[in-house]
Student: 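First the structure, which I've put down as C-alpha cells, then a few questions once you've had a look.
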Amino acid sequence: MSAFEFLRDVRARKVALRGRLKKNADALLAAFEAGLFASFPEAADKAFARSLSKLWARWLDSRPNEGDPAALSLRKGRESGEILKREYADGLAGGLAAFLLDKRLHLTGVDELLRMRGWLLETIERLRRDPDPAARERGEILDANFASIVLRAQHHAGPGYAAEAAARLGSMLGELDAAIRNLSSIEPEAASYLRSNRATVITRALHSGFLDYGNRVKEALPSALKKLDPNLSNRRTVVYRAITNGTIASRKNPFST
C-alpha cells in the first residue's frame with residue numbers, strides 16, 4: 001500500500017469525493033493530517049489538505065487491514081505530503097495557477113498539466129511557422145488564449161483540454177465564417193455583429209470550455225437582436241457584452257445585466 005497508489009486512485013475518481021465517514025475516522029484524519037503537515041507544512045491552510053484526509057479515510061476503509069490504522073495513516077500522510085510538496089513547487093514553477101493548486105492539487109496532478117502546457121507551446125510555435133495562413137491564424141489565436149486554455153484545463157477540464165481545443169479550433173473558425181456568409185443575405189445585422197465579434201466568440205469558447213459556443217451564438221443572435229431596442233445608443237456595446245459573458249445564448253433576456 002503506497003501513497004502513490006492512494007493518490008492515483010483519488011485522481012482516477014475511484015474514491016468517493018463525498019459521503020459519511022465511519023465513527024473511528026476522526027483518529028485517522030488527525031493522524032493523516034499530522035503526517036501530511038509534517039512533510040508539507042504549507043499545506044495546513046490549503047483546501048486540498050482537508051479534502052485529502054477524508055478521502056484517505058474512505059480509501060483505507062476499502063483496503064485490507066495492514067496493522068495499526070492510525071500509525072499507517074501517519075506514515076502515508078507524510079509520504080503523500082512529500083509527493084504533493086514536490087508537485088506544488090513544480091506547478092508554481094511551471095506557471096500553473098496557485099489558487100487552483102491550493103484547491104485541486106489532490107484531484108489533478110501537475111505532471112500531466114505541465115506536459116500539456118509544453119505541448120501547447122510547441123504546437124503554437126509550429127503553427128506560427130506554417131506557410132498556410134489559416135494555420136498561422138490558429139497559432140496566433142492559441143497564443144492569445146494560452147493562459148485561458150491552461151487555466152481551464154487546470155480548473156476541471158483536465159490535461160486533454162489543450163489538444164481538444166487545438167483540434168477543434170479549425171472547424172470552429174470555419175463554422176463561424178460560414179455562418180457569417182450565410183447570415184449576410186438574410187440577417188445582415190446579425191452577420192455584421194458576428195463578424196465584428198468573431199475573435200470574442202472564439203475567446204469565450206476557449207475560455208469557457210464550450211467549444212460549440214460559436215454555433216450557439218449564430219443560432220441565438222438573430223432573434224436576440226430583434227428583442228433589443230433599435231434606438232439604444234450603446235447597442236454595439238450591449239451586444240458585445242452579451243457575447244462576452246455568454247448570455248447571448250441564454251433562454252432568458254440575453255441582454256440582462
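Keep in mind it's a predicted model, so treat the numbers as computed, not measured.
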Student: Side chains of Arg235 and Glu189, heavy atoms from C-beta outward: is any pair under 4.5 Å?
Tutor: yes
Student: Checking side-chain polar atoms at under 3.5 Å, does Glu82 have a donor or acceptor matched by the opposite partner on Ser39?
Tutor: no
Student: Say you draw a straight line from CD1 of Ile141 to CD1 of Ile124; how long is it, rounded to the nearest 0.5 Å?
Tutor: 11.0 Å
Student: About how many Å separate CZ of Arg104 and OG of Ser51, when rounded to the nearest 0.5 Å?
Tutor: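 So the gap between those two atoms works out to 10.5 Å.
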Student: Taking the cut-offs as 6.0 angstrom to the six-membered ring centre and 45 degrees off its axis, would you call Arg236 and Tyr193 a cation-pi pair?
Tutor: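 Yes, a cation-pi geometry holds between Arg236 and Tyr193.
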Student: May I ask you to establish whether Arg216 and Phe210 are in a cation-pi arrangement, using a distance under 6.0 Å from NZ or CZ to the six-membered ring centre and at most 45° from the ring axis?
Tutor: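 Yes, Arg216 sits over the ring of Phe210.
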Student: If you measure from CG on Leu194 to CD1 on Ile180, what distance do you get to the nearest 0.5 Å?
Tutor: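 So the CG of Leu194 and the CD1 of Ile180 are separated by 4.5 Å.
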Student: Are Leu100 and Leu96 in one and the same hydrophobic cluster, where Ile, Leu, Val, Met, Phe, Trp and Tyr link if side-chain heavy atoms are under 4.5 Å apart?
Tutor: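 Different hydrophobic clusters.
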Student: Aromatic rings Phe32 and Trp56: how do their planes relate, parallel, tilted or perpendicular, breaks at 30° and 60°?
Tutor: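 Parallel: the ring planes of Phe32 and Trp56 meet at under 30°.
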Student: Please check if atom CZ in Phe37 has more than 12 non-hydrogen atoms from other residues, nucleotides or ligands closer than 6.0 Å.
Tutor: yes
Student: Is there a path of hydrophobic side-chain contacts, each under 4.5 Å between heavy atoms of I, L, V, M, F, W or Y residues, that connects Leu105 with Leu151?
Tutor: no
Student: Listed by chain and number, what are the side-chain hydrogen bond (donor to acceptor under 3.5 Å, both in side chains) partners of Arg198, not counting sequence neighbours?
Tutor: Glu137, Asp177
Student: For residues 106-116, please give each side-chain donor-acceptor pair under 3.5 Å, one per line with the distance, not counting sequence neighbours.
Tutor:
unit_1	atom_1	unit_2	atom_2	d
Asp111	OD1	Arg86	NH1	3.0

Student: Would you check if Glu125 and Glu122 make a side-chain contact, meaning some heavy-atom pair closer than 4.5 Å?
Tutor: no
Student: How long is the gap from CG on Asn245 to OG on Ser208, to the nearest 0.5 Å?
Tutor: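 Spacing of CG (Asn245) from OG (Ser208) equals 11.5 Å.
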Student: Apply the test salt bridge (charged side-chain N to carboxylate O under 4.0 Å, His left out) to residues Glu175 and Lys218: give CA-CA distance (whole Å), side-chain angles for both, the deciding distance (0.1 Å), then the verdict.
Tutor: CA-CA 9 Å; Glu175 291 166 1; Lys218 77 175 184 182; 5.9 Å; no
Student: Check step by step if salt bridge (charged side-chain N to carboxylate O under 4.0 Å, His left out) holds for Lys226 and Glu187.
Tutor: CA-CA 11 Å; Lys226 291 179 173 62; Glu187 296 283 355; 3.0 Å; yes
Student: Do Tyr88 and Lys46 have side chains that approach each other closer than 4.5 Å (heavy atoms only, starting at C-beta)?
Tutor: yes
Student: Can you tell me how far apart CG (Leu7) and CG (Leu52) are? Round to the nearest 0.5 Å.
Tutor: 6.0 Å
Student: Looking at CG of Leu176 and OH of Tyr213, how far apart are the two atoms once the value is rounded to the nearest 0.5 Å?
Tutor: 11.0 Å
Student: Give a yes or no on whether Leu142 and Leu211 share a hydrophobic cluster (residues Ile, Leu, Val, Met, Phe, Trp, Tyr; joining criterion: side-chain heavy atoms under 4.5 Å apart).
Tutor: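 Shared cluster, yes.
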Student: My understanding is that only residues two or more places apart in sequence, or in another chain, count here; which of them pass side-chain hydrogen bond (donor to acceptor under 3.5 Å, both in side chains) with Arg11?
Tutor: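 side-chain hydrogen bond (donor to acceptor under 3.5 Å, both in side chains) list for Arg11, sorted by chain: Glu87.
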